[in-house]
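Before any comments, here is the structure.
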Amino acid sequence: MPGTKTLIETEKVLEESEEKYLHLTRLMPVGIYCTNQEGVITFYNEKAEEIWGRSPQLNDYNETRFCGSLRLFNADGTVMAHDQSPMAQALRYKKSFRSEEMEIERPDGKKIWIVVNIDPVFDNNGELTGAVNIFQDITERKQGSEVATRLAAIVESSEDAIISKTLSGIITSWNKGAQRIFGYEDKEIIGKPINILIPATHQKEETTIIEKIKKGEKVDHFETMRVDKHGKQINISLTVSPIKNEKGEIIGASNISRDITQKVKTDKQLRIYNEKLKELNNYKDEFLTMASHELKTPLTVIKANLGLLQLKLNDDVSTEFVNRTMAQVNKLSDLISDLLDISKVQSGKLKLNFTSFDLKELLTETVQNIQQTSPTHKIIIETTHDNLPVVADAMRLEQVIINVVTNAIKYSPASDKVIIQATSQDDFVTISIKDFGIGIPKKALKKVFSRFFRVKETSSKFLGSGIGLYISYEIIKKHKGKMWVDSEENKGSTFYFTIPAFQ
Ligand code: ADP
């Protein structure tokens, strides 16, 4: 009959279309495999082989059944038995699976994420004959989305407002931090212009920022003002960076705003306190100067009169009393001079009177004077130089020598000598004063030249005010010299100072 095909012809057509179908299946960019009703693999394509990383034997009952992967994993990362796999379930319960994601492992140890779509296959009588599984490698997408999820979580949990916008300033994303700082929820602000957040006085900023972004530049920690939903002004530190697409074109910007309202308030408060402190400090310095001057005048008169009295007296007891009084008046006078010096240093009024003289001579005379009043220690000067010519302030250097040498004696009560060495090298004269006394604890070494500093552990045993070394240090500094100390507890200290031989 015309138009009807013979059985042979029909079989041929069927064979040809099956071949075409198989050919197509082999070339498909997704993995495809079939099993019989017992899960034995009867067919798979090249892509399936590539994803599994192995080539299971076909129609082999000893092969892994239900799936060609070496190993399968449950969602919690534990190994899934092949007979628990979606393919096994599809055969067991005659059901389909759609877009089921799971992790598999290849023989080379590489783990791969796949998405599977499974259908059981039935014959014309509705009997189950097997199943077909079409699956895809989604590792890259999965990893990408994991990174994206992690980043999104960071953005969401940030205390800062993280906002993205287009180059025309339209808000495209809005995190929880932005909601907290500016008061708007994402759905009420996304799609609106960012200018909503900018006070009228700062509107021009946005144009400048966008100009920079278009040039690929970043705006870093720019301190400015923004306004929240209720019109409240907020101090923010703003960082804006360009956002680029895959081709590297700038398509928008990310705004990170940190609320610094509290910091600005605290800074302002600190500045006010600082000003107040400076003012109080000035009052204190002024008072110190005034008080020292006022004390100095009557003290000078007392000293002069005591001097006259010393000459007039001829009985030993009275002379002894006057001498003792004179010694105390001298101490008081020294203290007042030190206090006056402090205020001079503080106000930058410590002026030096430079002359040229022989420092060796000054050293020798000063030591002789100290030696007279301090017979307990032998003060030895060691130098190979006949003279040490310097241009310096002789009175101030004498003051430094007295301070350091009297300290050396005071802080070495169990010793009987102090050694002074004087050297001159490379236009610098160096004087060292070595004692064999109580020494200075390591932690205090850096502080001994600070104003009013005294070593706590020993301060109650020795009289002092913590002024001498501070002034000495400032005097040497003014000479463009250096002053430092080496010391070891219970062994002794060596104080050094250098001054340039010529100014
Ligand atoms: P003070 O009047 O207290 O001696 P200084 O400014 O001269 O003041 O010295 C500061 C502190 O440094 C002293 O109180 C003392 O603790 C320590 N000090 C100074 N010189 C010596 C020294 N030669 N040996 C041990 N400690 C010293």
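Numbering of ligands and ligand atoms starts at 1, following listing order.
For a threshold of 3.5 Å applied to N or O pairs, the pair formed by Leu463 and ligand 1 contains no separation below that value. Residue Lys410 has at least one N or O atom closer than 3.5 Å to an N or O atom of ligand 1.
Residue, atom and distance of the protein heavy atom nearest to atom 2 (O) of ligand 1 are Ser465 N, 2.9 Å. Looking only at heavy atoms of the protein, atom 6 (O) of ligand 1 is closest to Leu469 N, 2.8 Å. In this structure, atom 26 (N) of ligand 1 lies nearest to the protein heavy atom Ile440 CG1, 3.4 Å. Protein heavy atom nearest atom 7 (O) of ligand 1, with residue, atom name and distance: Asn407 ND2, 2.7 Å. Protein heavy atom closest to atom 16 (O) of ligand 1, with residue, atom name and distance, is Val455 N, 3.0 Å. Atom 3 (O) of ligand 1 has as its closest protein heavy atom Arg454 NE, 2.6 Å. Protein heavy atom at the shortest distance from atom 12 (O) of ligand 1 is Val448 CG1, 3.7 Å. Of the protein's non-hydrogen atoms, Tyr411 OH, 2.7 Å is the one closest to atom 4 (O) of ligand 1.
Of all the atoms in ligand 1, the ones that sit under 4.0 Å from a non-hydrogen atom of Phe453 are 10 (C), 11 (C).
Side chain to side chain, Lys296 and Ser337 meet the donor-acceptor criterion of an N or O pair below 3.5 Å. For the residue pair Thr423 and His385, no side-chain donor N or O sits within less than 3.5 Å of a side-chain acceptor on the partner.
Residue contact check for ligand 1: Phe495 places a non-hydrogen atom closer than 4.0 Å to it. A heavy-atom separation below 4.0 Å is found between Gly439 and ligand 1.
A search for side-chain hydrogen bond (donor to acceptor under 3.5 Å, both in side chains) contacts involving Glu398 returns nothing, not counting sequence neighbours.
For the ring-ring contact (aromatic ring centres under 6.0 Å, His included) criterion with Phe449, the lone passing option out of Tyr470, Phe497, Tyr473 is Tyr473. Partner Arg180 forms a salt bridge (Lys or Arg N to Asp or Glu O under 4.0 Å) with one of Glu185, Glu159, Glu156 and no other, that one being Glu159.
For residues 237-262, the set of pairs meeting the ring-ring contact (aromatic ring centres under 6.0 Å, His included) definition, not counting sequence neighbours, is empty.
Geometrically, Lys482 does not engage Tyr496 in a cation-pi contact, judged by NZ or CZ lying under 6.0 Å from the ring centre and within 45° of the ring axis.
Residue Ile467 touches ligand 1 through its backbone alone, judged by heavy-atom distances below 4.0 Å.
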### Task
Evaluate the criterion side chain to side chain contact (heavy atoms under 4.5 Å, CB included) for residue pair Lys229 and Glu188; output intermediate values, then yes/no.
CA-CA 11 Å; Lys229 189 178 173 181; Glu188 48 181 334; 3.2 Å; yes

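Between Glu320 and Arg324 there is a salt bridge, since at least one side-chain N of the basic residue sits less than 4.0 Å from a carboxylate O of the acidic one.
Remark: Phe452 CZ is packed, more than 12 non-hydrogen atoms of other residues, nucleotides or ligands lying under 6.0 Å away.
Across Gly464, Gly492, Gly466, heavy-atom proximity to atom 8 (O) of ligand 1 is greatest for Gly466.
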